[in-house]
Protein chains: 2
Amino acid sequence: MTTQCKDCPLRTKPLFQGMSEEEAQQTQRFKSGELVVDPGTPLMLEGSNAPQLYTALRGMGIRYKTLPNGRRQVINLIFPGDFIGLQAGIMGEMSHSVEATTKMTLCVFDRKAFFNFFRSNTERAFDITWLAAVEEHFLGEALTTVGQRSAESSVAWAMLKVYHRCDALGLAQDRSMPFPFRQQDLADALGLSLVHTNKTLSKLRDAQMARWSDGELNILNYDRLAELAMMQEEEARPRPLI
Amino acid sequence: MTTQCKDCPLRTKPLFQGMSEEEAQQTQRFKSGELVVDPGTPLMLEGSNAPQLYTALRGMGIRYKTLPNGRRQVINLIFPGDFIGLQAGIMGEMSHSVEATTKMTLCVFDRKAFFNFFRSNTERAFDITWLAAVEEHFLGEALTTVGQRSAESSVAWAMLKVYHRCDALGLAQDRSMPFPFRQQDLADALGLSLVHTNKTLSKLRDAQMARWSDGELNILNYDRLAELAMMQEEEARPRPLI
DNA sequence: CGAGGGTTTGATGATAGTCAAAGTGAGTGG
DNA sequence: CCACTCACTTTGACTATCATCAAACCCTCG
């Protein structure tokens, strides 16, 4: 038995905008099933025209692009509530690949139904555009990080970014959250080498600012970390949930 | 007398999707005027809630973010046909600033009318989302460049990227195009220092691959530049024009 | 016990940053 | 018409951040 949209465990999180019963019903009609995948499973392939779109319900993953020389850029991390495949839905082709890092549960939507869903309700169409704008916003920040921040500052930024997200999802407790990625993933996200990333992490650990081991991230000194990250305060704006 | 949307000089460019008479009329109703600005004029401010949205009709500009330490990341360059202020239109706040580099002519839209425009026609709503998806696509590529490419490769990539765009706009001739930016702008876009950017440019010049001086960019050896840039072939997908 | 994926550490060097100064050209005012 | 300024580009010298290479270490798993 798959989760009913009206009973979606994410719906009540403060991170997301409220969803009316009617909206939940609309989403329900759009939803074609649920998918559970093991760690490491590819969900979308760069350049492909995915027939399915997803919303992450549980678990985490990554989006990434690969270059002809084999290097990989992690575009961002996927957390519960993220919509996957917007680009395929709109432009017909993915510009990056998506892969599950942990075991994941995904709500499956049919690409063919996407346009109907989009046109079925102006509010929902607006929500989808909102999601795209949020993503653009995030990518601008990520670009700024990779382009302008030092390694230490970048790592601090990334840690706070994921911490905020997890906190808003209620997955964090005591300045501590699950963070099941590999150091290589973080390195590829920040444009750093694995070795340098590792050494930077150990600096932050020694400085008692943050500790990450065994898939658990611990923010030890929020304020100093935020200063190092040059984090701009911005209130968590609730986002739409599809 | 301002330009009528139905007579928009951009409408006929192959870069853009065809626009029906009816769509032109709808856009016309949404359009509240035209604005001509001098080089260096700020158009949008990061964090502000812009009351106006624009489409660049003529001229070029840049989008950028600034960090507390004063460093600047150029998010992308603005060419004719680009829609400015989508984020403000959707989320109510800009995540970056926008500035005119050359003299620019802009179609002005009223933010308050934006939602009406969006809901007035599903096709137009879809177009706006398309634009956001295109931007996301571009930012992913830019992030990959800054994170994974070497300085030489980055510069080559940037040159080809703008060349393709200008070519599609009919602004290029003989592998040559206007490129009125400063080296500092390019440096800030690629996360490089000004000095290193300058030296990289002179390498590409010496290697007879590309020459950029006096606001004119010249692609001397397209193939070698493309190889250096690790440019993936991708056909120019026509984009919507608002 | 060995294999394999991931993390950690050390050594070395290249790419790219910083600092400084000179060069160029357009624009301004005496 | 000639300084003079100002913004931008170019060049050289020096430095540091970060990449690469290599090897050891740690765990889990078969």
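Below, chains carry the letters A, B, ... as their sequence lines are ordered, and counting in each starts from 1.
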- Does the side-chain contact (heavy atoms from CB on, under 4.5 Å) test come out yes or no for A:E99 and A:T41, once each step is laid out? CA-CA 6 Å; A:E99 190 175 303; A:T41 309; over 6 Å; no

Taking N or O atoms only and anything under 3.5 Å, show me the protein contacts with nucleotides 10-13 of chain D, one pair per line.
unit_1, atom_1, unit_2, atom_2, d
D:dT10, OP2, B:Q183, NE2, 2.5
D:dT10, OP2, B:N198, ND2, 3.0
D:dG12, N7, B:K199, NZ, 3.1

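- The shortest non-hydrogen separation linking B:Q87 to A:H137 is NE2-N, 3.5 Å.
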- What do the steps show when you test A:K31 against A:T3 for side-chain contact (heavy atoms from CB on, under 4.5 Å), and what is the final call? CA-CA 10 Å; A:K31 179 173 176 174; A:T3 309; 4.2 Å; yes

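- Close approach of DNA chain C to chain A, defined as any atom under 4.0 Å from a non-hydrogen atom of the protein, starts and stops at C:dG6 to C:dA11.
- Ring geometry for B:H164 versus B:Y222: interplanar angle of 30 to 60°, hence tilted.
- Using a 4.0 Å heavy-atom criterion, one finds that B:G191 contacts the sugar-phosphate atoms exclusively.
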- Item | Stepwise side chain to side chain donor-acceptor pair (under 3.5 Å) test for A:N69 and B:R149 | CA-CA 10 Å; A:N69 67 353; B:R149 281 183 240 251; over 6 Å; no

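- Summarising the geometry, the separation between CG on B:D214 and P on D:dT9 is reported as 10 Å, rounded to the nearest angstrom.
- Between A:F109 and A:F83, the angle of the ring planes lies from 30° to 60°, which puts this pair in the tilted group.
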- Message: Go through it in stages, so that I can follow the logic: the residues are B:F16 and B:L169, the test is side-chain contact (heavy atoms from CB on, under 4.5 Å), and I'd like the CA-CA distance, side-chain angles, deciding distance and then a yes or no.
- Response: CA-CA 9 Å; B:F16 301 106; B:L169 282 170; 3.8 Å; yes

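- A cation-pi arrangement is not found for A:R165 relative to A:F79, the charged atom failing to lie both closer than 6.0 Å to the ring centre and inside a 45° cone about the ring normal.
- Separating the CD atom of A:E152 from the C1' atom of D:dA16 is a distance of 13 Å, rounded to the nearest angstrom.
- B:H196 places its NE2 atom 15 Å from the C1' atom of D:dC14, with the value rounded to the nearest Å.
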